[in-house]
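These notes are about the structure you will find just below.
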There are 2 protein chains.
Amino acid sequence: MSRSRTTVVDIAHAAGVSKSTVSLVLQGSPLVNEKTREKVNSVIADLGYIYNRGAANLRQARSKIVGIVVNDLTNSFFAELAVGMDMVVQSAGYVQFLAHSGESVDRQREVIASMRENGIAGLILSPARGTEAADLKPLIDSGIPVVVVVRNLPGAKVSTLLSDNYTGAKAAVRHLVSLGHRRIGFMGGFIDTAVFAERLRGYRDALQEAGIAADDALIIHSAPSRAGGVAAVERMMLHPDRATAALCLNDAVAFGVCDGLRSVGIDPGKGFGVIGFDDVIEAKTAVPALTTVSVDPQGMGQRAAQLLLKQINAGGNEQESLVTSVRLVVRQSCGAPVRNNYLEEMA
Amino acid sequence: MSRSRTTVVDIAHAAGVSKSTVSLVLQGSPLVNEKTREKVNSVIADLGYIYNRGAANLRQARSKIVGIVVNDLTNSFFAELAVGMDMVVQSAGYVQFLAHSGESVDRQREVIASMRENGIAGLILSPARGTEAADLKPLIDSGIPVVVVVRNLPGAKVSTLLSDNYTGAKAAVRHLVSLGHRRIGFMGGFIDTAVFAERLRGYRDALQEAGIAADDALIIHSAPSRAGGVAAVERMMLHPDRATAALCLNDAVAFGVCDGLRSVGIDPGKGFGVIGFDDVIEAKTAVPALTTVSVDPQGMGQRAAQLLLKQINAGGNEQESLVTSVRLVVRQSCGAPVRNNYLEEMA
DNA sequence: AGATATAATTGGAACGTTCCAAATATGTCA
DNA sequence: TGACATATTTGGAACGTTCCAATTATATCT
């Protein structure tokens with residue numbers, strides 16, 4: 001219907017200059033005379049010209065596109081992470097392919113391949129469960145910068161951005177201990193993820209440090225979701241000598257645990273202390289407000305994106321591994337009186 | 001560092017054929033002899049060739065990329081919507097630029113412009129508040145198919161996929177009436193969105209139908225989020241003759257309302273009937289499980305993507321407007337005994 | 001005015017693919 | 001075997017940009 005796309009040549013013709021000059025204008029080169037720049041720009045506006053970035057990429061062998069693959073976009077933690085990335089990617093003049101792997105390594109492989117064919121300049125990956133370092137080898141060898149976030153991928157030669165899961169979990173459990181709890185559970189998560197392992201280790205070390213004997217019956221696996229949290233509580237209730245408080249794998253599980261407690265008549269925060277991990281936005285407004293280890297997912301997403309962009313611009317491929325620090329935010333769900341040093345700033 | 005990209009010419013050379021033949025193989029053309037196809041494919045595998053879709057797009061003047069712009073990715077409704085789209089887009093061999101406008105029309109404009117420069121074949125937009133039909137005019141005029149979802153954009157010549165907000169809201173209020181409620185509120189949402197207007201209209205008509213006088217004091221605006229729901233309850237409590245039940249703009253508000261009720265000592269589902277809208281995944285597992293109007297966000301995303309792909313393949317630009325039907329799913333939050341005809345199937 | 005420096009502009013080749021028209025190989029029939 | 005049909009292969013032009021080296025216009029200096 002509409003006739004063929006207007007191109008630099010059309011602009012050049014209409015403005016009475018060469019296509020090279022138009023190209024210089026498009027790139028904001030200082031070489032071009034102010035007068036002609038204005039002329040060209042006005043013609044561009046008149047003709048409704050749309051820059052063809054694909055053609056430019058072809059010539060320049062680089063693009064302004066990054067790929068982001070996230071294991072579960074329906075989990076608010078990852079959604080916020082993605083939003084953080086979106087912010088910095090976008091304001092750096094890039095666009096992102098953003099895909100959801102749904103924890104499927106096959107899907108993840110496919111989507112990464114597709115992104116590669118489409119010429120991404122770099123990739124941020126929150127790996128699906130079961131991803132191996134070898135899966136990323138070809139991509140990395142081709143010189144495309146990769147940043148792995150949230151879940152560690154030991155052995156992969158990539159930059160990594162993780163949260164300090166160990167320290168965070170330890171702090172949370174210490175807090176529960178300081179409130180007088182002795183039977184403290186760990187709820188949610190599957191054993192095969194690095195995040196689970198690290199948080200569990202923090203939990204264990206804190207218990208040991210407090211001289212509390214470990215009891216594996218208090219560690220209850222479940223899906224790392226709200227539904228998983230509900231299920232975990234059900235399972236917990238079967239145990240005669242159940243926990244009086246728990247650190248949950250993440251906030252989603254913690255919310256589920258609160259739901260589950262309520263449905264068996266226990267008031268979360270009063271009858272049972274609950275601590276989450278992540279600090280998603282709902283944590284603050286939930287009732288009871290969730291005590292949680294704040295990871296600042298959005299900020300983490302921003303940092304990941306910054307790291308990737310830095311890597312892309314540097315060209316070199318030296319990896320960098322960052323661990324972002326976390327802090328315990330004490331709210332109502334653990335039953336604690338809010339202490340000053342933990343006092344949360346108002347939003 | 002790594003030497004220049006391997007290209008069809010390299011493959012052709014190594015396989016002893018012409019680049020044209022390699023191209024035919026890549027496109028799965030039936031013209032090429034089985035023997036040579038195998039040869040070429042093996043060389044492709046050996047050399048680790050990566051198809052350059054950008055170059056192909058340039059030549060063909062069409063791409064396998066779609067754009068998706070969503071107003072708020074941190075809202076699970078939209079996250080699920082995006083995941084639904086992701087599914088069908090991906091399995092159709094496309095990739096998506098997926099961006100978050102954060103309800104900013106400026107940001108939305110920028111990101112759509114950027115996607116256009118990058119050669120999207122079509123766009124799915126869940127418009128930011130304040131988007132006008134005119135904003136999409138240039139894009140549409142250029143012949144790129146656009147599908148608008150969730151929020152209507154009157155006057156825009158685009159395909160649209162909406163949920164039946166009016167009927168859903170009406171059904172929800174009817175249900176509350178059938179439970180004996182007379183003072184029924186409408187909570188959450190800003191007045192300037194079409195979704196709000198439609199659901200409110202359903203609410204009003206259902207009340208009228210039941211012979212209940214409208215009382216604007218029962219309509220409480222707030223942000224369409226969990227925090228907004230909490231705030232709405234606070235405001236509601238100031239009213240001497242408060243509601244005994246409410247239809248909420250969406251599930252996020254409904255969850256917030258439940259939180260807010262709890263914090264003033266009211267047990268949601270018992271002391272106050274709450275109905276949401278959307279049926280996000282947490283609705284089922286929340287405690288109390290949320291009675292809500294099910295929109296099936298993921299399914300809606302899938303349908304939107306299918307609609308767009310159909311449009312892209314058809315080439316023509318006749319618009320199509322679909323309204324997806326919704327159904328009331330009665331769970332615990334409205335205090336109703338679960339009735340058979342509404343009984344929810346197990347997942 | 002002529003030489004020289006500096007500012008601004010420019011034509012063509014190149015990026016990696018697809019498409020077309022044309023060429024070549026292979027098979028079939030009388 | 002020659003004519004014809006069919007199957008397979010192939011060079012080059014084209015897509016819309018950027019880059020380079022080279023050219024032309026303008027300013028500056030003696």
I need the CD1-C1' distance between A/Ile50 and D/dT17, as an integer number of Å. 15 Å
Do A/Arg59 side-chain and D/dT18 base share a donor-acceptor contact under 3.5 Å? yes
From the set C/dT9, C/dT17, D/dG12, return the single nucleotide nearest to any side-chain atom of B/Val9. C/dT17
Starting at atom CD1 of B/Ile11, determine the distance to atom C1' of C/dG16, rounded to an integer number of angstrom. 12 Å
Closest to the A/Thr21 side chain: D/dT9, C/dT18, C/dT9? C/dT9
Nearest nucleotide by nearest heavy atom, which residue falls closer to the 5' end of DNA chain C, A/Val32 or B/Gln27? A/Val32
Should A/Gln319 and A/Gln311 count as side-chain neighbours, where that means a heavy-atom distance under 4.5 Å? no
For B/Thr7, which contact category applies under a 4.0 Å heavy-atom criterion: base, sugar-phosphate, or nothing? sugar-phosphate
Would you kindly compare B/Pro30 and A/Val8 by the position of their nearest DNA chain D nucleotide and give the one closer to the 5′ end? B/Pro30
Applying a 4.0 Å non-hydrogen cut-off, can you work out what A/Arg37 is touching in the nucleic acid: base, sugar-phosphate, or nothing? nothing
Heavy atoms only: give me the nearest B/Asn71-B/His100 pair and the separation to one decimal. O-CE1, 4.0 Å
Are A/Arg109 and A/Asp135 close enough for a salt bridge, meaning some N to O gap below 4.0 Å? no
Please state whether the phosphate of D/dT18, meaning OP1 or OP2, lies under 4.0 angstrom from any side-chain nitrogen or oxygen of A/Arg53. no
Closer to the 5' end of DNA chain D via nearest nucleotide, is it B/Ser20 or B/Ala55? B/Ser20
In whole angstrom, give the distance that lies between atom CG of B/Leu58 and atom P of D/dT18. 12 Å
Base, sugar-phosphate, or nothing for A/Ala61, non-hydrogen atoms under 4.0 angstrom? nothing
Which nucleotide, D/dT17, D/dC15, D/dG12, lies nearest any side-chain atom of B/Lys19? D/dG12
Charged N-O contact under 4.0 Å between A/Glu117 and B/Lys64: no
Check B/Arg107 with B/Glu110, please: is the shortest side-chain N to carboxylate O separation under 4.0 Å? no
Phosphate OP1/OP2 of D/dC19: any A/Gln60 side-chain N/O under 4.0 Å: yes
In whole Å, I'd like the distance from the CG atom of A/Asn57 to the P atom of C/dT17. 14 Å
From C-beta outward on B/Ala56, which listed nucleotide comes closest to its side chain: D/dT18, C/dT17, C/dT10? C/dT17
Using whole Å, what does the distance between atom P of nucleotide D/dT10 and atom CG of B/Leu24 come to? 10 Å
Check this for me, if you would: do A/Arg129 and A/Glu103 make a salt bridge, where the nitrogen-to-carboxylate-oxygen distance has to be below 4.0 angstrom? no
Does B/Asn33 put a side-chain nitrogen or oxygen below 4.0 Å from OP1 or OP2 of D/dT8? yes
Roughly, in whole Å, what's the span from CG in B/Asp10 to P in C/dT17? 9 Å
Roughly how many Å is it from CG in B/Leu31 to P in C/dC19, rounded to a whole number? 12 Å
Distance check needed: C/dT9 C1' versus A/Glu34 CD, whole Å only. 16 Å
